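Just so it is clear: chains get the letters A, B, ... in the order the sequence lines come, proteins before strands, and each one is counted from 1. Treat the numbers as computed from the prediction; the structure is a model and nothing was measured. Computed over heavy atoms, backbone and side chain alike; hydrogens, waters and symmetry mates excluded.
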There are 2 protein chains.
Amino acid sequence: MNSPEEVVDFIYNGHQRFLPHLSIDCVIFGYHDQQLKILLIRYHDQEHWSLPGGYVERQEGLTAAAHRILSEKTQLTNLYLQQFYTFGDSPTRLNRIEIQDNHNKVYAKANVAIDEEHWLSKRTLSVGYYALVDYHEVSVTPEFLVVDYAWVDVNAVPSLQYDHNEIIDKALLTLRSQLYQQSVGYNLLPEKFTLSEIQALYEAILGKPFDRRNFRKKMVALGVIRQLDERRKIGPHRSPYLYDFNLENASKLQEAGGVIF
Amino acid sequence: MNSPEEVVDFIYNGHQRFLPHLSIDCVIFGYHDQQLKILLIRYHDQEHWSLPGGYVERQEGLTAAAHRILSEKTQLTNLYLQQFYTFGDSPTRLNRIEIQDNHNKVYAKANVAIDEEHWLSKRTLSVGYYALVDYHEVSVTPEFLVVDYAWVDVNAVPSLQYDHNEIIDKALLTLRSQLYQQSVGYNLLPEKFTLSEIQALYEAILGKPFDRRNFRKKMVALGVIRQLDERRKIGPHRSPYLYDFNLENASKLQEAGGVIF
DNA sequence: GCAAAAGTGTTGCAGCTACACCCATGG
DNA sequence: CCATGGGTGTAGCTGCAACACTTTTGC
C-alpha cells in the first residue's frame with residue numbers, strides 16, 4: 001500500500017478481499033556483519049516497532065499468502081519460508097480498545113478512522129512464518145503507512161507491539177532446532193563461502209562459539225557442505241578454501257531428522 | 001451439541017459466538033492393547049471419518065479453546081495438549097461447494113440447511129493440536145450429529161475427510177520428534193508402570209522395537225523415568241519393578257532439547 | 001519342571017570434544 | 001619479517017548398539 005488511496009481502499013474494501021480475524025506475521029532473518037538480524041517496521045504514529053505482516057486472501061492458500069506478503073515487503077520471491085506457530089493467546093490480542101486505538105493512530109495518516117465494528121478492530125490470530133533472506137538482496141518497499149524500518153540484531157530486539165517479542169522468541173527457537181536438518185545457511189550466505197563465514201553464521205544463530213576443526217569435520221561429515229577446489233583471495237592472509245551447500249544430502253537429513261532413535 | 005435444538009441454535013447463532021474461517025482439529029492419541037490409537041468420529045450421512053474439532057469463541061484464547069473443545073469431546077480436563085501446525089493449503093479447504101454440501105448432509109439430521117453465504121460454508125483454516133489421553137478415562141460424549149466414533153490404530157487410519165490424513169501425519173511426526181523432550185508417556189500410562197509397558201508404548205509411537213537393556217539404560221540416563229523400590233505381581237512370571245516419570249528432569253530436558261550443539 | 005517374562009553387564013565402534021602448531025599472504 | 005587468519009590431526013571420552021544367560025513365578 002503505497003498511497004493514501006490504496007490505504008483507504010484497503011480500509012473500506014479489504015474485508016471483501018481478505019479473511020477477517022487472521023493475519024500472518026513474518027520474522028525475516030537476515031545475516032550481515034557477523035550478526036543475525038531481524039527486519040522490523042514501524043507504522044505511522046506508533047511508539048513500538050512491529051513485525052512485517054499481512055492478511056490472507058479469501059481464496060488463497062496459507063503458504064501462498066505468506067509468500068505473497070513476504071515478496072510484497074522485500075521484493076524477493078522463492079524464499080525459504082517456514083511456518084512455526086499460530087499465536088492466539090496473548091491478552092493484547094483480545095484487547096479491542098487498544099487494537100482499534102493503534103489502528104486509528106496509524107490510519108490517521110490517510111485520514112480515515114475505523115469504529116469498533118470494523119473488521120480491523122476485531123481480535124486477530126496470527127500465523128507465524130520465519131524467512132531466511134539474503135540481507136543484500138532485500139530492498140524494503142516503502143509503504144505509505146510504514147514510516148521506518150530497521151534490521152536489528154536478534155540479541156537487541158526492542159520491546160515490540162502486541163506479542164511480537166514472543167513470536168520472535170519462538171521463531172528463533174524453531175530456527176535453532178532446525179539448523180542441522182534444513183540447509184538453513186543456504187539462504188543466508190552467498191552460493192560459495194568460506195568455512196569461517198559459515199561458522200560465524202552458525203555462531204550468530206546459536207549464540208555460542210565453536211572450534212574450527214570440529215566444526216569443519218561435523219559439517220562435512222553430516223554432508224551439509226562440500227569443500228570446493230577453489231580458494232578466495234582475502235588480503236594479507238592465507239587464501240581459504242570455498243565451500244558450497246550439498247542440497248541433495250539436505251533433503252535426506254530432513255527426512256531422517258527429528259526422530260532421534 | 002446433544003440435541004437438534006442446540007444444533008439449530010449453533011447454525012443460526014454460532015457466528016455471534018465463534019470466529020468464522022477458523023477451526024481447531026484435535027488429534028487425540030490414546031494407548032491401548034500395545035497400540036497407539038487415534039480417536040475418530042463420523043458425522044451423520046458422511047462416508048468419511050473426521051478428526052474431532054471445534055471453533056474458537058470470539059474472546060477466547062486459542063489454547064483455551066483447544067482445551068475446551070477437547071474436554072467437550074472427551075470429558076477430560078487438564079490434558080497434555082500441543083499445537084503443532086496450522087493448515088490452510090489443501091484444495092479441499094477451498095472448495096466451497098464440497099464444504100457446503102457436506103455440511104448440509106450432516107445438518108439434515110437437524111432439519112436445517114445452510115446456503116453458500118452461511119458462515120459455515122466458508123473456507124476454513126484449521127489449527128492442529130494433538131492430545132495425549134488415558135484411553136481408559138475417556139468417555140466420548142454422544143453428540144447429536146456424531147453417529148459413530150472409533151479408536152483406530154495409527155497404522156490403519158482410513159481415508160478421512162478434507163486434509164485430515166495430512167493433519168494426522170504431521171501430528172505423528174511432531175509427537176515422535178518430541179518424545180524424548182517432553183514427558184510424553186506421562187499422559188498415556190498410569191502413574192506407575194513397568195519397563196515393558198513404557199517400552200511397548202515407545203515402540204508403538206516410533207514404530208520399531210528396542211533392546212530391553214539399552215532402552216532401560218537410555219531412559220534412566222536421560223532422567224525421564226525413575227526406578228521405584230516396588231514390584232508388581234504379574235501372574236506366573238517374575239515380578240517386574242515399577243517406574244515413574246521424573247517430571248523435574250523433564251522440564252530441564254525440554255529447555256535443552258531441540259538445539260543440538 | 002516348564003513356560004513365560006524380567007533382570008542384568010560387557011565389548012566394540014562411532015562420534016564428539018579438547019587441544020596447538022605450522023602455513024600462506026600482503027604490506 | 002611480522003601480523004593475521006587459515007589449514008590440519010590426534011588422543012581420550014562418552015554414548016550407543018549388539019548381544020545371552022540367569023532368575024522368578026504360577027501352574
Side-chain angles (χ1 to χ4, degrees), chain A residues 33-34 176-177 179-181 189-190 192-204 206-244 249 252-253 256-261, chain B residues 33-34 176-177 179-181 189-190 192-204 206-244 249 252-253 256-261:
Chain A
D33 225 9
Q34 319 255 92
R176 285 177 177 158
S177 73
L179 238 198
Y180 294 94
Q181 271 80 58
L189 289 176
K192 296 174 180 181
F193 47 86
T194 67
L195 197 68
S196 298
E197 286 170 343
I198 189 172
Q199 185 180 338
L201 169 65
Y202 273 59
E203 289 176 344
L206 293 174
K208 45 182 151 175
F210 302 115
D211 177 87
R212 271 210 322 282
R213 289 162 288 193
N214 294 334
F215 184 75
R216 177 181 184 284
K217 270 179 287 183
K218 174 160 187 169
M219 296 297 278
V220 172
L222 280 175
V224 176
I225 59 173
R226 275 184 312 209
Q227 184 169 346
L228 301 176
D229 201 14
E230 204 177 333
R231 288 158 175 263
R232 175 190 292 166
K233 295 257 178 230
I234 50 156
H237 308 297
R238 184 168 178 170
S239 309
Y241 281 104
L242 291 175
Y243 292 76
D244 69 357
N249 217 305
K252 282 182 219 155
L253 278 176
V259 184
I260 300 179
F261 252 79
Chain B
D33 223 10
Q34 319 256 93
R176 284 177 178 159
S177 73
L179 237 198
Y180 294 95
Q181 272 79 57
L189 289 176
K192 298 175 180 181
F193 47 87
T194 68
L195 198 67
S196 298
E197 286 168 343
I198 190 172
Q199 184 178 339
L201 169 64
Y202 274 59
E203 289 175 344
L206 292 173
K208 46 181 150 175
F210 302 116
D211 177 87
R212 272 211 319 283
R213 289 163 287 190
N214 294 335
F215 183 76
R216 179 181 182 284
K217 268 178 286 182
K218 173 161 189 169
M219 297 296 279
V220 173
L222 279 174
V224 177
I225 59 173
R226 276 185 311 212
Q227 184 169 347
L228 301 176
D229 201 16
E230 205 178 331
R231 289 159 175 261
R232 176 189 291 167
K233 295 255 178 231
I234 50 156
H237 308 297
R238 185 167 178 170
S239 307
Y241 280 104
L242 290 175
Y243 293 76
D244 69 357
N249 216 306
K252 284 182 219 154
L253 278 175
V259 184
I260 300 180
F261 252 78

**Asked** To the nearest Å, how far apart are A:F215 CZ and D:dG9 P?
**Response** 19 Å
**Interatomic distance where CD belongs to B:E197 and C1' belongs to C:dA5 [whole Å]** = 13 Å
**Distance-only donor-acceptor test (3.5 Å): side chain B:R216, base C:dG7** = no
**Message:** Closest-nucleotide mapping onto DNA chain D: is B:A221 or A:Q227 further toward the 5' terminus? I mean the 5' end.
**Reply:** A:Q227
**Request:** Side-chain contact test, heavy atoms from C-beta onward, threshold under 4.5 Å: evaluate it for A:K217 versus A:N214 and give yes or no.
**Result:** yes
**Message:** Without decimals, in angstroms, what is the distance between A:E230 CD and D:dG7 P?
**Reply:** 13 Å
**Request:** Going by the side-chain hydrogen bond (donor to acceptor under 3.5 Å, both in side chains) test, name the single residue among B:R226, B:R216, B:K192 that passes it with B:Y243.
**Result:** B:R216
**Message:** Between C1' on D:dT8 and OH on A:Y243, what's the gap in Å once rounded to a whole number?
**Reply:** 10 Å
**Message:** How close do B:L228 and B:Y241 get, counting heavy atoms only, and between which atoms?
**Reply:** O-CD2, 3.6 Å
**Message:** Under the criterion side-chain contact (heavy atoms from CB on, under 4.5 Å), I'd like the reasoning laid out for B:T194 against B:L242: C-alpha separation, chi angles, the key distance, then a yes or no.
**Reply:** CA-CA 5 Å; B:T194 68; B:L242 290 175; 4.0 Å; yes
**Asked** Between A:Y202 and A:F215, is the ring centre distance below 6.0 Å?
**Response** yes
**Asked** Side chains of B:P240 and B:I234: does their closest heavy-atom pair fall under 4.5 Å?
**Response** yes
**Message:** What is the separation between atom OH on A:Y241 and atom C1' on C:dC23, rounded to the nearest whole Å?
**Reply:** 12 Å
**Request:** Nearest 0.5 Å please: distance from the CD1 atom of B:I198 over to the CG atom of B:L189.
**Result:** 6.0 Å
**Item:** Touch class at under 4.0 angstrom, heavy-atom based, for B:S196 against every strand present
**Value:** sugar-phosphate
Polar atom pairs (N or O), protein with nucleotides 9-13 of chain C, under 3.5 Å:
{"from": "C:dT10", "atom 1": "O4", "to": "B:K217", "atom 2": "NZ", "distance (Å)": "2.8"}

**Asked** Starting at the 5' end of DNA chain C and moving along, which residue's nearest nucleotide shows up first, B:R212 or A:I234?
**Response** B:R212
**Asked** What distance separates B:E197 CD from B:Q34 CD, expressed to the nearest 0.5 Å?
**Response** 9.0 Å
**Request:** Please determine if B:K218 forms a cation-pi arrangement with B:Y180, meaning its NZ or CZ atom is less than 6.0 Å from the six-membered ring centre and no more than 45° off the ring axis.
**Result:** yes
Listed pairs, N/O of protein and of nucleotides 22-25 of chain D, under 3.5 Å:
{"from": "D:dT23", "atom 1": "O4'", "to": "B:R238", "atom 2": "NH1", "distance (Å)": "3.4"}
{"from": "D:dT23", "atom 1": "O2", "to": "B:R238", "atom 2": "NH1", "distance (Å)": "3.1"}
{"from": "D:dT24", "atom 1": "O2", "to": "B:R238", "atom 2": "N", "distance (Å)": "3.0"}
{"from": "D:dT25", "atom 1": "O4'", "to": "B:H237", "atom 2": "O", "distance (Å)": "3.2"}
{"from": "D:dT25", "atom 1": "O2", "to": "B:P236", "atom 2": "O", "distance (Å)": "2.5"}

**Message:** How many whole angstroms separate atom OH of A:Y180 from atom P of C:dC16?
**Reply:** 10 Å
**Asked** Could you state the CE-C1' distance from A:M219 to D:dG7, rounded to the nearest angstrom?
**Response** 18 Å
